[in-house]
Chemist: 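Encoded as structure tokens, here's the structure I'll be asking about.
Chain identifiers are assigned alphabetically (A, B, ...) following the order of the sequence lines, protein sequences preceding nucleic acid strands; residue numbering begins at 1 within each chain.
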There are 2 protein chains.
Amino acid sequence: MTAPRRRRQPRQERSRATVERIVAAGRAVLIERGTEGLTTNHVAAAAGISPGSLYQYFGDKEAILDEVVTRYSDELEERVTGAFVATVAVRDPTEAVRRIVLALVDALAEHPALLRAVAQRMPRAGDDRRAAFARRVDALLTSTLVARSGGATRYPAGTVAWLVVRTVESLAVGFVLEDPPLGREEFADEVTALVLGYLARVLDPAP
Amino acid sequence: MTAPRRRRQPRQERSRATVERIVAAGRAVLIERGTEGLTTNHVAAAAGISPGSLYQYFGDKEAILDEVVTRYSDELEERVTGAFVATVAVRDPTEAVRRIVLALVDALAEHPALLRAVAQRMPRAGDDRRAAFARRVDALLTSTLVARSGGATRYPAGTVAWLVVRTVESLAVGFVLEDPPLGREEFADEVTALVLGYLARVLDPAP
DNA sequence: TGCTGATACGAGTTCCTGCTCGCTTTCAAC
DNA sequence: GTTGAAAGCGAGCAGGAACTCGTATCAGCA
């Protein structure tokens, strides 16, 4: 049996605030000290709380990290989704893709340290969170593709979406975390060219 | 002062073999138990050696991991370079790119566990190894691009190489580590289409 | 106001890690 | 055969991590 992720449901307002403080502290420690420096004592100290209190609400250290990552993922997803939505009215595909790419880059660039910490966790096999996240974005893109192309695709849209999403994601992450040889605008232009070049080739019924 | 990476130069044949056993054991433990399970005791046990003997040749645990990662990187680089070389004679760009992609995927797929362990280390900021590796592949691609295009590029070849290399690399890693919705051959075709679509668009002097 | 369960505390327990050091064994050179 | 440096050993040390538990405080209610 694994430890319970949550020990107690906070009932009073006070304890709900404590949970928030713990999560915020976890995020802060992750940003300041990285994955290595994320110890329960550090988190407790940063939250202005005793180590024991952590375990009132979280089964173990991992559960805290999980919560932090989940919220961060949700935040990112919200912004990306927002960019998609804000873009449905944009006729020009180039402009649409460009905007989405920029939204992603900007979202990621807000907390490079957090992104780095999360990226380190990402490649885990059984990580449902990342998989679920990617799948939702896949679905988003898939439906967009189908809508824009009128359903006339040579390949299953899911496959195309998988490639495009991972391409854009990893390029954006790389752009934020490494020091790339191009600027933000230029990056967006290039990625847009990359994506559209591929989509044009793949979506057109007649190659 | 940081610990010395190597303590003693092995003089006798016996000790040189010990170093090899340590590195091999480190690799094996990394594959079997992942980054978490890579403890000095485990490595020593796997090498059939006492913990103390590790420190005759390696300054600390990190130095062992470094050596394992270095050798793995070298191995990968060699195979990728080999694919590039074996491909210079191939006229058809589609076929050339396809072969290189397949070589990369196959190389990565040989030890998914090792790849996962290494990928986890990768996103570290100050990691020179990965940066150096990527830079060498960049250079390789850059020169290939310049050679094939006759020097007539709209963009600095280095920028193009950065994008292409990171795209292919991360797609290949994703293909091996996640469970992707396409097979090996199909994957190679799609990545080739993606890359060539971009290169065609970017390299042609007249769009 | 006094009672009760929820909340918070934090020193302490347990465990396991990386690493050391004094000793023993091996072996090449003389 | 002798010898001394190289190689190897492995119990054990120091440290720090995650986590516990007996105690104290607090908020809301009769």
Chemist: Choose from C/dC9, D/dC19, D/dG8 the nucleotide whose nearest atom is closest to any side-chain atom of A/K61.
Modeler: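 The answer is D/dC19, which lies nearest to the side chain.
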Chemist: Between D/dG8, C/dA11, D/dA11, which nucleotide gets closest to the side-chain atoms of B/T18?
Modeler: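 That would be D/dG8.
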Chemist: Taking atom P of C/dT17 as reference, at what distance in whole Å does atom CG of B/D60 sit?
Modeler: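 These atoms are roughly 16 Å apart.
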Chemist: Please determine whether a side-chain nitrogen or oxygen atom of A/Y57 lies at a distance below 4.0 Å from atom OP1 or OP2 of C/dA8.
Modeler: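 Yes, such a contact exists.
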Chemist: Rounded to whole angstrom units, what separation is found between the CZ atom of B/R16 and the P atom of D/dA6?
Modeler: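 After rounding, the gap between these two atoms is 14 Å.
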Chemist: Could you give the CD-to-C1' distance, from B/E62 to C/dT17, as a whole number of Å?
Modeler: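 Going from B/E62 (CD) to C/dT17 (C1'), I get 15 Å.
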Chemist: To the nearest angstrom, how far is A/H42 atom NE2 from D/dA18 atom P?
Modeler: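 About 9 Å, once rounded to whole Å.
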Chemist: Does B/R99 come within less than 4.0 Å of B/D106, counting only side-chain N to carboxylate O?
Modeler: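 Salt bridge flag = no for B/D106 with B/R99.
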Chemist: Between P on D/dA17 and OH on A/Y55, what's the gap in Å once rounded to a whole number?
Modeler: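 To the nearest whole Å, that distance equals 12 Å.
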Chemist: D/dA18 C1' sits how many Å from A/L38 CG, rounded?
Modeler: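 Distance check: A/L38 CG to D/dA18 C1' gives 12 Å.
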Chemist: Going by an N to O cut-off under 4.0 Å, is there a salt bridge joining B/E75 and B/R79?
Modeler: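 Looking at B/R79 together with B/E75, the answer is no, because their closest N to O distance does not fall below 4.0 Å.
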Chemist: Using the salt bridge (charged side-chain N to carboxylate O under 4.0 Å, His left out) rule, take A/E20 and A/R16 through it: C-alpha gap first, then chi angles, then the decisive distance, then the call.
Modeler: CA-CA 6 Å; A/E20 288 312 301; A/R16 234 166 288 135; over 6 Å; no
Chemist: For B/L54 and C/dC19, give me the distance from atom CG to atom C1', rounded to whole Å.
Modeler: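 Taking atom C1' of C/dC19 as the reference, CG of B/L54 is at 10 Å.
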Chemist: For a quick test of reading the model: is some side-chain N or O of A/T40 closer than 4.0 Å to OP1 or OP2 of D/dA18?
Modeler: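 For A/T40, the contact criterion (side-chain N or O under 4.0 Å from OP1 or OP2 of D/dA18) is met.
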Chemist: OP1, OP2 of D/dC9 versus side-chain N and O of B/S53: anything below 4.0 Å?
Modeler: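 For B/S53, the contact criterion (side-chain N or O under 4.0 Å from OP1 or OP2 of D/dC9) is met.
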Chemist: Nearest to the side chain of B/P51, which nucleotide is it out of C/dC19, C/dG10, D/dG8?
Modeler: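 Nucleotide nearest to B/P51's side chain: C/dC19.
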Chemist: Should we count CD of B/E78 as having more than 12 external heavy atoms under 6.0 Å?
Modeler: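 Incorrect, the count does not exceed 12.
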Chemist: Taking the side chain of A/T39 as heavy atoms from C-beta outward, which of D/dA17, C/dT20, D/dC9 is closest to it?
Modeler: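 So the side chain of A/T39 is nearest to D/dA17.
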Chemist: Just the rounded figure in Å: distance from C1' of C/dC9 to CD1 of A/I49.
Modeler: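 Atom CD1 in A/I49 sits about 10 Å away from atom C1' in C/dC9.
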Chemist: Is B/R98 paired with B/E185 through a side-chain N to carboxylate O contact shorter than 4.0 Å?
Modeler: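 Result for this pair is yes, salt bridge flagged.
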